[in-house]
Amino acid sequence: MKISVITVVYNGEALIERTLESVLNQNYDCLEYWIIDGASTDSTLEKVKEYAPRFEERGIELQVLSEPDKGIYDAMNKGIGFATGEIIGLINSGDTYETSAVSTAVSTFEQTECDLV
């Protein structure tokens, strides 16, 4: 089952690496990861680009969109619109997932046939 994870960020250079590491460390492999950046003016995008080879090595599809938006919910909706996974997860810049967060969500969806966790 393919999972889409979305991070929205604006000028998050101080915190984005925590979130990137968190997604990289997931024990689930079928992931696409969208960074929706609100046209940051700091080094956020440079930090994301530095991580691109690590995502490629892990087989995680890293997609980056950087353009002005109308706020956090507009950015989230953009990411949801681009997502191709059967499950969509949102994680804000600076936040982290436990290593098994995605695999636990997948397992829960499979076992309960729920629509939302």
Side-chain angles (χ1 to χ4, degrees):
M1 179 180 299
K2 184 176 184 179
I3 309 303
S4 298
V5 175
I6 301 164
T7 295
V8 298
V9 61
Y10 178 70
N11 289 340
E13 68 183 2
L15 300 173
I16 192 67
E17 289 182 273
R18 291 179 50 161
T19 308
L20 295 167
E21 288 287 344
S22 173
V23 174
L24 276 169
N25 290 328
Q26 290 304 296
N27 63 4
Y28 190 84
D29 292 326
C30 193
L31 290 172
E32 77 173 351
Y33 185 36
W34 280 91
I35 303 289
I36 307 297
D37 174 74
S40 290
T41 57
D42 64 1
S43 65
T44 298
L45 291 175
E46 288 79 11
K47 289 182 183 262
V48 171
K49 288 176 185 173
E50 289 173 14
Y51 275 79
R54 292 182 58 197
F55 279 94
E56 187 174 342
E57 287 172 16
R58 278 279 332 253
I60 299 172
E61 301 171 44
L62 176 63
Q63 306 289 336
V64 180
L65 174 69
S66 182
E67 63 184 23
D69 55 52
K70 296 174 186 155
I72 190 169
Y73 298 109
D74 180 47
M76 286 179 181
N77 284 328
K78 283 181 188 181
I80 291 167
F82 287 118
T84 63
E86 295 171 73
I87 298 174
I88 297 172
L90 299 168
I91 182 170
N92 292 326
S93 179
D95 291 345
T96 60
Y97 281 157
E98 292 292 325
T99 304
S100 62
V102 173
S103 61
T104 299
V106 169
S107 177
T108 301
F109 274 94
E110 291 174 341
Q111 291 173 10
T112 65
E113 298 181 21
C114 61
D115 293 323
L116 177 70
V117 172

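Any value given below was found using the heavy atoms of this structure, including those in side chains, with hydrogens, waters and symmetry copies removed.
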For this session: Tell me, with the steps shown, if Arg58 and Asp29 meet salt bridge (charged side-chain N to carboxylate O under 4.0 Å, His left out).
Result: CA-CA 8 Å; Arg58 278 279 332 253; Asp29 292 326; 2.9 Å; yes
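Of the possible polar contacts, one joining the Ser40 side chain to the Asn11 backbone as a donor-acceptor pair under 3.5 Å is found. At distances below 3.5 Å, not a single donor-acceptor pair connects side-chain atoms of Asn92 with backbone N or O atoms of Asp95. Side-chain atoms of Gln26 come within 3.5 Å of backbone atoms of Ser22 as a donor-acceptor pair (strictly under, hydrogens ignored). With hydrogens and angles disregarded, no donor-acceptor distance shorter than 3.5 Å links the side chain of Asp69 to the backbone of Ala75. A donor-acceptor pair under 3.5 Å is formed between the side chain of Asn25 and the backbone N or O of Glu21. Listed for the Thr19 side chain is no donor-acceptor partner under 3.5 Å among the backbone atoms of Thr96.
Checking Thr44 against Glu13 by side-chain atom types alone, no donor-acceptor pair falls below 3.5 Å. Side-chain contact, Asn27 with Ser103: a donor N or O sits under 3.5 Å from an acceptor N or O.
If you chain together ILVMFWY residues whose side-chain heavy atoms come under 4.5 Å of each other, Ile6 ends up grouped with Val8, Trp34, Ile36, Leu65, Ile72, Tyr73, Met76, Ile80, Phe82, Ile88, Leu90.
Residues meeting the side-chain contact (heavy atoms from CB on, under 4.5 Å) test with Lys2, sequence neighbours left out: Cys30, Glu32, Glu61, Thr84.
Atom CD of Glu46 is surrounded by more than 12 heavy atoms from other residues, nucleotides or ligands within 6.0 Å.
Hydrophobic clustering, with ILVMFWY side chains joined whenever heavy atoms are under 4.5 angstrom apart, groups Leu20 together with Leu45.
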